[in-house]
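Heads up, the thing below is written out as structure tokens.
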There are 2 protein chains.
Amino acid sequence: MAGIRDVAKLAGVSTATVTRALRDEASVTAATKAKVRAAALRLDYVPSAAARALSRGRSNLLGLFVPDITNPFYAQVAQGLEDRAAEARYHCVIASSHLNPERERHLLTSFQDGTLAGLAATTVGTDEGFTTALGATRGPLVLVDRRPRGIKAPLVRTDNRKVTRGAISQLFEMGHTRIAMISGPRDFDTACQRLSGFRLAYKAAGTALPDELIRHGHLGEAGGYKAMNELLELDPRPTAVFCFNNLVTVGALKAIREARLRIPVDISILAFDDMNLFPLVEPPISAIDQPAYEMGRAAADLLLRQLDGERGLGDVVLPATMIMRESLAPPSTR
Amino acid sequence: MAGIRDVAKLAGVSTATVTRALRDEASVTAATKAKVRAAALRLDYVPSAAARALSRGRSNLLGLFVPDITNPFYAQVAQGLEDRAAEARYHCVIASSHLNPERERHLLTSFQDGTLAGLAATTVGTDEGFTTALGATRGPLVLVDRRPRGIKAPLVRTDNRKVTRGAISQLFEMGHTRIAMISGPRDFDTACQRLSGFRLAYKAAGTALPDELIRHGHLGEAGGYKAMNELLELDPRPTAVFCFNNLVTVGALKAIREARLRIPVDISILAFDDMNLFPLVEPPISAIDQPAYEMGRAAADLLLRQLDGERGLGDVVLPATMIMRESLAPPSTR
DNA sequence: TTGTATGCGTTATCAG
DNA sequence: CTGATAACGCATACAA
């Protein structure tokens, strides 16, 4: 395991010069660089990450904190973050909390040791211990998708309200008047925003929105399944349902299938977040697609710029787009 | 940013004792531990990861190398690895190469700086530069899913051949005699093993296997789409198709849909690797399910044990299981 | 443009 | 059981 001193000796220069030459600094002669590189190559020299991190005061690792890496949405965010990070020679540490606030807090505190140069996070916790842990993060912090209460950091998100409003308005135009929503936890700002867009569409249509059509606090497949079953018991049944996110949609679809209802004849379905199998489901599911990959890239970018000393960065709002497939149709008149 | 010396001073002990107390070593008095802990807590002391890594000679980071983190199979592997790693207070660095051998090699070499204490990898590269890079890995190495030629390290895999043979035999029992396979790259040992199981089933059925029924070298959605289109042009058409992996299946399904063929009436489909939307596709897709999460855990476990000094660890073979859904049926007789 | 010397914050060795 | 101190391997300020 050759060290910098070995390289220096072989190249006939000082260790300082080795560092500079290998970083390709302008202040080093081309000739010297060549010598050093040759020596480094011959000795298979690779600078120690730990030593460098200690000496420079920060690592070349970016953290990504997500509720569930198994959810394709977050996996795409991860890929985007990683790609952008790689361009700046950073690597990514990914931590997935399984939607478990306790685990999340634990993970978060375990990263206060400077392992990470910066952190991009989508979190689910809301209690104070969690907020403290998030705030105590060393180095820059960027929020992805949603902002926990009381945390001040740049956020990368989509315009939830606007896109939802537009999509739901389309449902009204199709003739639906009884549109339900399976919404997420009340303290998720994303849930609030999507709900707000939903209400706006109702308002624009001049239709009253009965409370029973909104089911709060659902997350994951299980949540979607449960909520949909509740909605199916309503009388009259909603003619269309808007699902908070991809996994909620999957659960909802399973409930509908079990109830042997047909989409879109008996009920129309609109998902938030696309999935690559949605086109293959029977019928193909319409969805509001968030640019997950780009969100990841944007988050990395924000982190990198802060690491470069930039201050006062604002939120990044990316466009979400409606993808029309066959799960949406006018309500059947019977 | 309190350091270990501050804690030592406040607690009235030496830095060595602080280290020992905080690691809860048996050689330290309960009273001393209490003093040290109190001091550390009061100063918000968190040991520096970089300093520790430098001093101890290795980090607490495990690497995971995958072709595509966006593929749910690998995301589950990642989750398993991470969960197991967390139990031993390790974190995970995940690198996804987009199936790009060059990027893969680049990533690999960038990890020779000791960032990682160990590496779990599923790779796609085959050239020499790549093999060298993988072999030059610092610290323990574990292979997941498949083993590149010439690399010697413990492998976590499923019994591809056996499970494939069993599944294909079931198709023969249903009455199929013209079963095709969309296989992966010839130099993937997984492809070889699944193909071998496939041939075995043919042999057991006493049926000759025409070359045209095997399409080699396909990967990803695009590969599956292309291969399936080729198969559909065959005359007579195969009555059943076995797809190498999850994404290949997705591509194949799209081709079938475009051709307006019905599953399983016109053609039966069997996938390798399950996906959480397969039950919702019309019809629900039968699949051979690999325990991805468990594979990730096993990989982490193998890594951790090597880090603990264990040697001579062997391969881990986990069972894959056939999940019968509705995409498989006897061939229609017309 | 290059060299010297010191610091980075722990951990581990070796006494006591 | 605890303390003093030497690594760990690189980067940087300061000199030259």
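Computed over heavy atoms, backbone and side chain alike; hydrogens, waters and symmetry mates excluded. Because the structure is predicted, anything quoted here is derived from the model rather than measured. Proteins come first, then strands; the chains are lettered A, B, ... in the order of their sequence lines, and each starts at number 1.
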Output the rounded distance in Å from [atom1] ([X]) to [atom2] ([N]).
{"X": "A/Arg5", "N": "D/dA7", "atom1": "CZ", "atom2": "P", "value": "11 Å"}
{"X": "A/Leu22", "N": "D/dG9", "atom1": "CG", "atom2": "P", "value": "17 Å"}
{"X": "A/Tyr45", "N": "D/dA11", "atom1": "OH", "atom2": "P", "value": "6 Å"}
{"X": "B/Lys35", "N": "D/dG3", "atom1": "NZ", "atom2": "C1'", "value": "13 Å"}
{"X": "B/Asp6", "N": "C/dC8", "atom1": "CG", "atom2": "P", "value": "12 Å"}
{"X": "B/Lys9", "N": "C/dT10", "atom1": "NZ", "atom2": "C1'", "value": "16 Å"}
{"X": "A/Glu25", "N": "C/dG3", "atom1": "CD", "atom2": "C1'", "value": "14 Å"}
{"X": "A/Ile4", "N": "C/dT6", "atom1": "CD1", "atom2": "P", "value": "18 Å"}

(request) Kindly point out which of D/dG9, C/dT10, D/dT2 is positioned nearest to the side chain of A/Ser48? (result)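 Of D/dG9, C/dT10, D/dT2, D/dG9 is nearest to the side chain of A/Ser48.
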(message) Starting the side chain at C-beta, find the nucleotide from C/dG3, D/dG3, D/dG9 nearest to A/Val13.
(response)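 Nearest to the side chain of A/Val13 among the choices is C/dG3.
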(message) I want to confirm an ordering. Mapping A/Ala16 and A/Ala26 to their closest nucleotides on DNA chain C, which one lands closer to the 5' end?
(response)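 The residue closer to the strand's 5' end, by nearest nucleotide, is A/Ala26.
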Taking only side-chain N and O atoms of [X], does any of them lie within less than 4.0 angstrom of OP1 or OP2 on [N]?
{"X": "A/Ser14", "N": "C/dG3", "value": "yes"}
{"X": "A/Thr19", "N": "D/dT12", "value": "no"}
{"X": "B/Thr32", "N": "D/dT2", "value": "yes"}
{"X": "A/Thr17", "N": "C/dT1", "value": "no"}

Step through the shown structure and confirm whether more than 12 heavy atoms of other residues, nucleotides or ligands are within 6.0 Å of [atom1] on [X].
{"X": "A/Lys33", "atom1": "NZ", "answer": "yes"}
{"X": "B/Glu102", "atom1": "CD", "answer": "no"}
{"X": "B/His106", "atom1": "NE2", "answer": "no"}

(message) Against A/Gln290, only a single residue in A/Met295, A/Arg157, A/Gln76 fulfils side-chain contact (heavy atoms from CB on, under 4.5 Å); can you say which?
(response)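 In the set A/Met295, A/Arg157, A/Gln76, the residue that makes a side-chain contact (heavy atoms from CB on, under 4.5 Å) with A/Gln290 is A/Met295.
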(message) Taking the nucleotide of DNA chain D with the nearest heavy atom to each, does B/Arg20 or B/Leu54 sit closer to the 5' end?
(response)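 Nearest-nucleotide comparison on DNA chain D picks B/Arg20.
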(message) Closer than 4.0 angstrom, basic N to acidic O: yes or no for A/Asp315 and A/Arg147?
(response)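 Salt bridge present between A/Asp315 and A/Arg147.
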(message) Counting distance alone, no hydrogens or angles: does the base of D/dG9 have a donor or acceptor under 3.5 Å from a partner atom on the side chain of A/Thr15?
(response)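 Counting by modelled atom types and ignoring angles, no donor-acceptor contact under 3.5 Å is found here.
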(request) Using a 4.0 Å heavy-atom cut-off across all strands, classify B/Val46 as base, sugar-phosphate, or nothing. (result)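 B/Val46: backbone/sugar contact only, no base atoms under 4.0 Å.
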